[in-house]
Protein chains: 2
Amino acid sequence: MTQDRARRPTLDTIAQRVGVSRATVSNAYNRPDQLSTALRERIIATAKQLGYAGPDPVARSLATKQAGSVAFMLCDGLSSAFSDPALSIMLDALSSTVDNEERSLLLLPGTNDGGPRAQAVMRAQTDVVVAYSLPDDAPALAAVRERGLPLVVVDQPELPGSARVQVDDVGGAVLAARHVGALGHRRVAILAFALSADGVRGPADPRRLASAHFRVSTDRIAGYLEGLAGHSIVPGEVPIWEAPGSVRELGREGARWLLGLDPRPTAVLCMSDELALGAIRAANELGLSVPAEVSIVGFDDTPAASWSDPPLTTVRQDLVSKGRQAGELALRMLNGARPGKPVTIDVELQVRRSTAARV
Amino acid sequence: MTQDRARRPTLDTIAQRVGVSRATVSNAYNRPDQLSTALRERIIATAKQLGYAGPDPVARSLATKQAGSVAFMLCDGLSSAFSDPALSIMLDALSSTVDNEERSLLLLPGTNDGGPRAQAVMRAQTDVVVAYSLPDDAPALAAVRERGLPLVVVDQPELPGSARVQVDDVGGAVLAARHVGALGHRRVAILAFALSADGVRGPADPRRLASAHFRVSTDRIAGYLEGLAGHSIVPGEVPIWEAPGSVRELGREGARWLLGLDPRPTAVLCMSDELALGAIRAANELGLSVPAEVSIVGFDDTPAASWSDPPLTTVRQDLVSKGRQAGELALRMLNGARPGKPVTIDVELQVRRSTAARV
DNA sequence: TTGTACGCGTTATCAT
DNA sequence: ATGATAACGCGTACAA
């Protein structure tokens with residue numbers, strides 16, 4: 001194959017064969033208006049005949065100083081990531097935004113929960129990086145800085161010089177908490193996702209909360225507690241379960257513990273729809289009906305939320321807009337724009353049938 | 001930013017500053033054993049001081065003729081793709097396989113259901129391409145050939161010169177069909193996914209079947225019919241619904257139609273677990289209990305299959321192995337290996353509780 | 001249209 | 001052992 005490569009025709013091959021300069025052949029591909037149609041056609045025909053497939057992408061990148069890709073870094077492997085519908089939807093919007101600008105998406109998945117390896121970042125052929133919900137101290141983030149690549153962060157604390165897309169996590173959590181508070185619930189539990197990237201699962205005590213590395217989690221907990229405080233619920237009495245990921249099975253496990261407490265919570269605030277769906281399942285398995293005996297609130301409003309039984313009351317965030325904004329920000333940064341103000345994605349409460357007044 | 005770039009130090013900058021040749025600086029990064037530790041450290045220190053982050057990835061690629069990435073082409077956008085757990089799991093295994101070899105994954109999503117744009121393929125900086133379930137006539141496949149890139153196809157007919165990972169779709173479908181046949185079912189329906197990439201949904205007549213573009217779909221249908229024929233069920237009397245994607249909502253829609261037929265089928269063979277879960281939902285909404293009144297069989301055995309209610313009888317395929325094999329094949333092709341024999345992923349029937357003997 | 005000066009490394013091969 | 005020299009890769013862009 002190295003052989004094959006070696007034999008490959010280049011711009012020069014075509015130029016010599018046609019009897020023009022290399023520049024002209026380049027123009028035939030990139031600026032058709034710079035030469036006569038007849039010549040252009042002769043060039044293309046010769047290229048086809050010699051099996052030349054057009055300018056080499058890598059060489060072009062070297063010359064233009066444009067790698068032509070947007071890198072996307074995430075915390076975990078792809079599997080856990082894409083089992084999270086919220087991420088899929090966001091990523092889809094991101095990818096089609098950058099695709100429209102002739103750029104593709106380079107995926108840099110995390111290896112052991114700390115994000116991508118620094119080495120992978122250092123060698124990535126990319127012009128700009130989008131980081132999604134990485135721990136603040138991820139080596140990958142340091143690598144991005146070291147390379148001086150423009151950075152867009154999503155669901156993550158702003159870094160100096162980076163652009164940011166954020167969801168009003170605190171505000172959304174407040175909405176959810178006030179909702180159950182207004183319904184009369186007084187024993188309310190929180191089903192959270194990871195506070196740090198160490199795979200820990202279990203009840204989260206104050207010390208654990210204080211050492212948290214994921215901003216999204218801490219923001220939402222703060223919002224929940226704030227909203228509950230407005231209904232005279234003391235933060236110290238709100239049980240919190242930390243699930244190491246946003247998948248149903250983990251939600252079910254956490255809810256089983258929360259709903260086994262004495263006194264039993266009458267409402268559970270969940271940090272994602274996936275966790276909430278697991279919680280509904282757990283409640284049912286414990287013989288508790290939702291929402292009659294326990295109210296469940298989700299977060300995200302993914303398609304599964306309206307599809308579930310009962311349909312889920314949840315905090316809606318516009319995931320498509322989030323992905324699009326991240327993509328546009330990346331494209332702008334790549335063109336030399338300054339980071340500017342963080343873009344905030346609004347949230348709103350979507351009341352469905354998984355919540356009801358406390359009996 | 002172009003300014004920033006222009007000012008960036010290069011290997012030469014460092015070399016001059018330290019007073020050595022460019023080659024030596026290159027060696028300091030890539031072959032530490034080729035120079036003294038002291039010199040190496042001096043070089044690295046100077047580099048750090050000048051803000052040099054190591055050899056430029058694009059330039060390195062040009063010199064080594066290795067783009068350092070594996071491209072993955074899929075039919076649809078990312079959203080529909082990743083809402084399919086079977087793909088997520090496979091892709092996760094693929095990505096970690098290539099990541100271990102210091103290569104990243106370049107995503108080339110489809111735009112309008114025909115796969116990626118040819119242009120995107122022509123400009124992709126990649127050494128090898130993995131195509132997943134693309135229609136045979138996708139322009140992206142032609143582009144890969146034109147560029148002469150090694151190709152691995154997954155769930156798709158073999159192309160000349162391409163390596164292939166395949167699941168024994170026919171065999172798996174036969175297993176599913178024999179299972180319901182053995183349970184005494186005689187009125188059996190098929191819930192299929194797309195036959196062609198045109199978004200059509202509805203009952204599939206023989207002409208539609210004949211014009212199908214997706215091998216997976218046609219293979220499974222063939223397998224289902226073959227298995228049923230063994231129980232004296234006439235192929236012409238098996239109703240087939242074509243869903244344009246593998247998501248629950250579409251499964252529900254299709255099953256609603258199938259279960260509304262007269263005579264009503266007592267078993268539905270579904271081409272994915274997601275479709276099957278939608279079918280269970282549809283059955284329940286029609287007041288039919290699963291499996292007492294209707295048996296449902298899935299395909300894939302994703303985590304959701306054992307999580308559903310009732311747990312799903314399904315055809316298991318080893319998705320992790322599928323992704324890993326595709327990755328290894330890609331790495332091998334990239335090193336010049338010949339395609340070799342197709343790799344076949346085994347299937348086996350996983351009997352759970354969504355199927356029962358016909359009453 | 002063309003000449004030609006870059007761009008930024010890698011990797012023999014050669015010299016000390 | 002260490003380090004230097006120089007060819008090479010494949011385009012782009014601008015002045016002529």
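Per chain, numbering begins at 1; letters A, B, ... match sequence-line order.
- Under the side chain to side chain donor-acceptor pair (under 3.5 Å) criterion, no residue pair touches residues 32-52 of chain A, with sequence neighbours excluded.
- For residues 320-329 of chain A, the pairs satisfying side chain to side chain donor-acceptor pair (under 3.5 Å) are Asp155(A)-Lys322(A), Gln317(A)-Lys322(A), with sequence neighbours left out.
- Under the salt bridge (Lys or Arg N to Asp or Glu O under 4.0 Å) criterion, Asp92(A) pairs with no residue, sequence neighbours left out.
- Looking at residues two or more places apart in sequence or on another chain, you find no salt bridge (Lys or Arg N to Asp or Glu O under 4.0 Å) involving Glu158(B).
- A search for side-chain contact (heavy atoms from CB on, under 4.5 Å) contacts involving Glu101(A) returns Leu331(A), not counting sequence neighbours.
- Note on residues 131-145 of chain A: no pairs pass side chain to side chain donor-acceptor pair (under 3.5 Å), not counting sequence neighbours.
- For the salt bridge (Lys or Arg N to Asp or Glu O under 4.0 Å) test, no residue two or more places apart in sequence or in another chain qualifies with Arg147(A).
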Donor-acceptor contacts under 3.5 Å from residues 11-19 of chain B side chains, at least two apart:
residue: Asp12(B); atom: OD2; partner: Arg22(B); partner atom: NH1; Å: 3.4
residue: Thr13(B); atom: OG1; partner: Thr10(B); partner atom: N; Å: 2.7
residue: Thr13(B); atom: OG1; partner: Thr10(B); partner atom: O; Å: 3.3

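- Here Arg164(B) pairs with nothing under the salt bridge (Lys or Arg N to Asp or Glu O under 4.0 Å) rule; sequence neighbours left out.
- Of all the residues in residues 25-41 of chain B, Ser26(B), Asn30(B), Arg31(B) reach under 4.0 Å from DNA chain C with at least one non-hydrogen atom.
- For DNA chain D, the neighbouring residues in residues 10-18 of chain A, judged by any heavy atom under 4.0 Å, are Thr10(A), Leu11(A).
- An angle of 40°, rounded to 10°, separates the two end axes of the helix from dT1(C)-dA16(D) to dT16(C)-dA1(D), each defined over five pairs.
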